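Right, one structure below, let's go through it.
Chain naming here is simple, since letters A, B, ... match the order of the sequence lines and numbering starts at 1 in each. The model shown is predicted, which means the values in this text are computed figures rather than measured ones.
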Amino acid sequence: MDVPSSNETRAFAEEIFQKVEHKSSGSNLYRHQEEAAPMLTRKQRITCTLLEADDDDAKDVPGGSVSVVDKDVKRFRKRSENPDDDDDDEGSGSLKQERRVKQKYSHDKPDDSESEEERFRDQIEREDLERRLREKDASRIRKLTEQKLSKRDEKEAMRRANALKDDEIRALRNVSRQEYLKKREQKKLEEIKDDIEDEEYLFEGVKLTEAKQRELRYKKQVYEVVKKRSQVDDNVNEYHMPDGYDEEGGVNQEKRFAVALERYIDSKDGDKMNLFAEQEAWEDHQINKATLKFGSKNKKQSDDYNFVFEDQIEFIQEQVMGGVDVDEEEERERSIAKSAHEKLLADRKTLPVYPYRESLLKAVEDHQVLIIVGETGSGKTTQIPQYLHEAGYTKRGMIGCTQPRRVAAMSVAARVSQEMNVKLGHEVGYAIRFEDCTCEKTVIKYLTDGMLLREFLGEPDLKSYSVVMVDEAHERTLSTDLLFGLLKQIARFRPDIKLLISSATLDAEKFSDYFDCAPIFRIPGRRFPVEINYTKVPEADYLDAAIVTALQIHVNEPAGDGDILVFLTGQEEIETAQEILKQRTHGLGSKIPELVICPIYANLPTELQAKVFEATPQGARKVVLATNIAETSLTIDGIKYVIDPGFVKMNFYDPRTGMESLKIIPISKASANQRAGRSGRTGPGKCFRLYTAYTYYNELDDNSVPEIQRTNLANVVLSLTSLGIDDLLTFDFMDPPPSEAVLKALELLFALGALNKYGELTKVGRKMAEFPLDPMLSKMIVASDKYKCSDEIITIAAMLSIENSVFYRPKNKQVHADNARLNFYTGNVGDHVALLNVYNLWKETNFSAQWCYDNYIQLRSMKQGRDIRDQLKGIVERVEIELVSNSGDLDAIYKCITSGYFSHSAKLQKNGCYRSVKHPQTVYIHPSSGLCEALPRWVVYHELVLTTKEYVRQVSEIKPEWLVEIAPHYYELKDVEDLGSKKLPRGKGRASKL
DNA sequence: ACACCGTAC
């Protein structure tokens with residue numbers, strides 16, 4: 001190959017240029033003229049030579065091909081003949097300004113004392129500066145021109161691609177699609193054959209690298225498979241080649257050929273690499289599918305999967321790293337590595353974070369708090385704790401790394417334990433609710449952020465930790481936000497503890513500001529390019545637009561090249577979209593390839609969720625209709641297209657009314673980028689945003705409202721109070737919650753008896769803080785001691801914490817599901833007792849899965865409920881509440897519920913709606929409740945949610961006199977005495993003293 | 001006439 005590419009030359013030249021400029025700036029230049037001047041000239045000469053090598057562009061640079069030194073001399077001669085002629089050059093504004101400054105500077109010096117030589121030197125300096133500025137302008141212009149050119153190329157490529165699509169559409173109309181596909185496939189086949197022959201000829205007698213050999217083998221395999229299929233299989237629909245290489249015809253062949261040659265030599269040209277990587281990824285994919293299809297399906301699959309996975313990692317590395325030395329060395333290292341573990345170690349070195357190991361350790365050494373910014377896949381979560389361990393930080397205590405999700409904590413811990421070649425739960429462990437997989441030996445501990453928060457309660461200085469890393473901090477969960485405040489606090493009196501805040505966002509300055517200007521350490525990520533498309537005009541109906549877009553992609557893009565992911569807002573919307581898609585694809589029949597529709601949302605039963613992870617059948621395409629669950633919580637392989645309508649359903653809590661509202665709101669820019677990124681996980685992807693670019697740049701917020709500002713804080717306030725933080729209004733939150741919400745929480749805790757009038761924790765409050773539940777539920781459990789029904793109450797508490805996912809109600813079987821649910825309401829009981837019945841009946845069947853299935857109950861939620869119940873049982877014993885059962889006395893249970901929920905009372909009105917007592921407001925019983933038709937006079941409810949109406953959910957009937965009996969500090973007799981009268985109670989009289 | 005996500009010693 002010839003000299004460095006033009007890009008490289010230019011970059012080098014610019015770099016030198018900057019150094020020169022830096023060196024010459026300021027007064028230094030004048031103080032060390034003798035030193036500086038010759039150096040300048042030499043460096044300039046190098047720059048110039050380099051620019052000359054870059055011949056195409058050099059012509060655009062004024063004077064670029066003329067030797068600087070010669071020019072200088074000429075210009076000086078001219079100047080010395082005509083020293084006052086200063087206006088022959090037309091500089092930019094900044095140039096002129098700089099010149100003026102310079103002149104002023106030289107005027108400051110007394111003119112008469114200046115020797116001729118000094119003036120000469122000064123002039124050279126000035127000329128130098130001018131020339132440099134001019135060159136800078138030139139390079140900017142050059143860059144702009146390049147950009148323009150590449151844009152033009154892009155347009156051209158797009159035009160060609162569109163022309164092809166038109167072709168395809170025409171083919172669809174005129175010829176039968178089958179015929180068209182067949183033809184195209186044959187053409188493809190010929191192309192592959194040519195390609196293989198070409199390469200074989202080219203590489204004849206050359207010793208090939210292993211990768212190259214494999215590549216050739218793949219190509220042959222592909223050829224065989226395709227040939228076989230085109231001979232045997234008449235159903236072309238099931239399989240055809242992707243469009244990717246039709247677009248550029250012969251030119252592209254050349255490119256591919258060139259790339260094949262340069263592959264291990266020239267890695268600078270990103271586009272070529274992408275093109276190749278895409279093709280290779282496709283080939284790998286196809287071969288894998290072909291081999292999988294003929295192999296046994298149930299076993300050995302994991303091995304095959306691993307094999308492919310590694311190959312994919314390999315090709316990712318080539319994209320990121322490239323370069324002849326590194327690659328071959330790696331190749332050697334890999335082929336030498338025999339055991340799986342050695343391979344893991346080799347993989348570790350290929351992660352983007354690896355080159356930063358030393359500087360990272362240095363930074364951690366020098367600073368107590370460090371903000372780490374790195375894209376997903378940079379290896380920060382798995383590698384950094386290991387580096388710190390290797391550097392000896394674990395001698396003083398554990399390294400804790402928090403994750404917002406349980407699965408993440410578990411899987412990362414498993415991966416790291418493999419890499420370190422230790423058993424999971426020994427040196428490397430994880431801690432999540434219900435599962436503590438650590439021991440005394442544990443030095444690296446992955447845990448959920450909520451879990452670390454709980455650990456704070458038992459160990460307020462976290463002395464067993466030497467390093468705490470808060471991962472995925474940009475997600476700003478309630479727990480991470482609290483951890484920020486607490487960690488910042490302990491960092492002050494524990495100078496030995498190190499804090500790492502890791503985030504994927506570019507908004508790291510905010511984190512840095514919060515942690516007293518902590519330094520930001522950036523690790524470049526590894527990612528495939530994602531092409532982003534906006535709509536031209538705003539779309540009125542995003543659901544319809546999403547469906548149309550999905551079908552467009554399905555028809556226009558080659559089948560088998562990647563699946564589609566659509567972000568919708570909720571279960572109902574997903575079900576609607578599913579039906580419409582089914583209808584439309586059914587209407588098209590066999591004209592288009594098969595479209596597999598996979599819904600996914602958190603409340604979908606596990607068996608149905610699994611469908612989304614199954615491999616897409618050959619020749620078909622999967623379209624995944626997902627809620628926000630696909631944004632962060634789960635990753636689906638094979639997604640190439642993302643459709644983003646730009647909306648999300650979010651929960652907002654209004655502390656004034658105590659009402660939660662589920663609102664569909666536009667997403668944030670951060671969210672939009674996260675969604676787009678889901679398409680570029682395993683190869684180049686495309687994202688279709690169903691809103692305009694203007695909307696994105698001008699109407700979307702940068703980040704979503706952090707959870708702490710839109711949630712009920714009762715639990716948070718109780719936890720913090722039990723940590724001894726009593727002044728919550730001045731607590732150092734990164735984004736403080738509205739003070740109204742804090743006050744509301746304090747008010748509630750006071751009413752529940754958890755705090756005294758000085759805001760201090762009471763005995764009851766201390767007990768309540770032990771429970772990982774809402775304070776109202778905790779109070780209910782604490783009160784059960786008095787009513788002797790703790791056994792039932794902890795079941796109800798456990799069931800209420802999973803309330804929304806107990807009953808499964810699919811759209812097409814709503815009637816069946818509703819009938820099944822009625823069985824639990826026999827005896828006209830409230831929702832609380834119905835939940836108790838569900839649990840007890842399930843327990844009687846010995847926790848049968850079949851029983852759940854028969855009764856439209858979610859097994860997953862029930863299991864979770866059982867776990868929570870077991871945990872509560874343990875805590876109940878510890879806080880010395882007697883565990884007794886009193887199943888006969890339902891009134892005791894209702895009274896117990898009232899002890900926690902007296903503030904959530906509502907009274908029936910004449911027209912069938914309810915009016916909440918404390919903050920007068922019209923509410924309705926949620927249609928899912930068993931009491932929505934019975935309409936009892938007085939009820940307590942678990943929660944108040946605004947969806948389409950103000951609904952109260954999980955309702956039980958109570959007697960009004962209980963309110964006064966149980967909460968005399970909250971209700972007076974006159975609040976409930978108008979029991980018999982039909983008159984509406986006046987709002988004025990009901991407000992009570994606190 | 002109806003439900004986003006995730007999490008808690």
From [atom1] of [X] over to [atom2] of [N], roughly how many Å is that when rounded to an integer?
{"X": "Leu486(A)", "N": "dC9(B)", "atom1": "CG", "atom2": "C1'", "value": "15 Å"}
{"X": "Tyr465(A)", "N": "dC9(B)", "atom1": "OH", "atom2": "P", "value": "12 Å"}
{"X": "Asp481(A)", "N": "dT7(B)", "atom1": "CG", "atom2": "C1'", "value": "14 Å"}

Task: Side-chain donor/acceptor of Glu631(A) to base of dC5(B), under 3.5 Å - done: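 In this structure, the two groups form no donor-acceptor pair.
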- [ ] Establish whether the base of dA3(B) is bridged to the side chain of Arg953(A) by a donor-acceptor pair shorter than 3.5 Å.
- [x]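 For Arg953(A), whose side chain was compared with the base of dA3(B), there is a donor-acceptor pair (under 3.5 Å).
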Task: Basic-acidic side-chain contact under 4.0 Å: Asp870(A), Lys873(A) - done: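 No, no charged N to carboxylate O under 4.0 Å.
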- [ ] State plainly whether the residues Glu660(A) and Arg953(A) are in salt-bridge range, i.e. N to O under 4.0 Å.
- [x]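 The answer is no: the pair does not qualify as a salt bridge.
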[N] phosphate, OP1 or OP2, under 4.0 Å from [X] side-chain N/O:
{"X": "Tyr951(A)", "N": "dC2(B)", "value": "yes"}
{"X": "Lys949(A)", "N": "dC2(B)", "value": "no"}
{"X": "Thr477(A)", "N": "dG6(B)", "value": "no"}
{"X": "Thr947(A)", "N": "dA3(B)", "value": "yes"}
{"X": "Arg433(A)", "N": "dC9(B)", "value": "yes"}
{"X": "Thr632(A)", "N": "dC5(B)", "value": "no"}

Classify [X] by what it touches in the nucleic acid, base, sugar-phosphate, or nothing, heavy-atom distance under 4.0 Å.
{"X": "Glu455(A)", "result": "nothing"}
{"X": "Asn804(A)", "result": "base"}
{"X": "Gly458(A)", "result": "nothing"}
{"X": "Ser633(A)", "result": "sugar-phosphate"}
{"X": "Glu475(A)", "result": "nothing"}
{"X": "Arg406(A)", "result": "sugar-phosphate"}
{"X": "Thr627(A)", "result": "sugar-phosphate"}
{"X": "Leu662(A)", "result": "base"}
{"X": "Ser805(A)", "result": "nothing"}
{"X": "Phe771(A)", "result": "nothing"}

TODO: Look at the side chain of Arg405(A) and decide which nucleotide, out of dG6(B), dC5(B), dC9(B), has an atom nearest to it.
DONE: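 Of the options given, the side chain of Arg405(A) lies nearest dG6(B).
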[X]-[Y] side chain donor-acceptor pair, cut-off 3.5 Å:
{"X": "Thr448(A)", "Y": "Arg406(A)", "answer": "no"}
{"X": "Glu459(A)", "Y": "Ser464(A)", "answer": "yes"}
{"X": "Glu573(A)", "Y": "Thr569(A)", "answer": "yes"}

Task: Nucleic acid contacts of residues 861-883 of chain A, taken as heavy-atom distances under 4.0 Å to DNA chain B - done: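 Correct list: Gln871(A), Arg878(A).
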TODO: Would you list the pairs meeting ring-ring contact (aromatic ring centres under 6.0 Å, His included) in which at least one residue belongs to residues 453-488 of chain A, sequence neighbours left out?
DONE: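 Matches after skipping sequence neighbours: Phe484(A)-Phe511(A), Phe484(A)-Phe515(A).
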Open item on the list: Check for me whether Lys813(A) meets the cation-pi criterion with Tyr856(A), that is, NZ or CZ under 6.0 Å from the six-membered ring centre and within 45 degrees of the ring axis.
Closed with: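 Geometry flag: not set, cation outside 6.0 Å or 45°.
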Open item on the list: Judged by each residue's nearest nucleotide on DNA chain B, which is more toward the 5′ side, Ile600(A) or Ala769(A)?
Closed with: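 Nearer the 5' end of the strand: Ile600(A).
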Open item on the list: Using heavy-atom distances to pick each residue's nearest nucleotide on DNA chain B, tell me which of Asn715(A) and Glu572(A) is more 5'.
Closed with: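 On the 5' side of the pair lies Glu572(A).
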- [ ] Tell me, with the steps shown, if Ser704(A) and Arg476(A) meet side chain to side chain contact (heavy atoms under 4.5 Å, CB included).
- [x] CA-CA 9 Å; Ser704(A) 315; Arg476(A) 302 293 306 279; over 6 Å; no
TODO: For the residue pair Tyr901(A) and His904(A), categorise the inter-ring angle as parallel (less than 30°), tilted (30 to 60°) or perpendicular (more than 60°).
DONE: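 Plane angle between 30° and 60°, so tilted.
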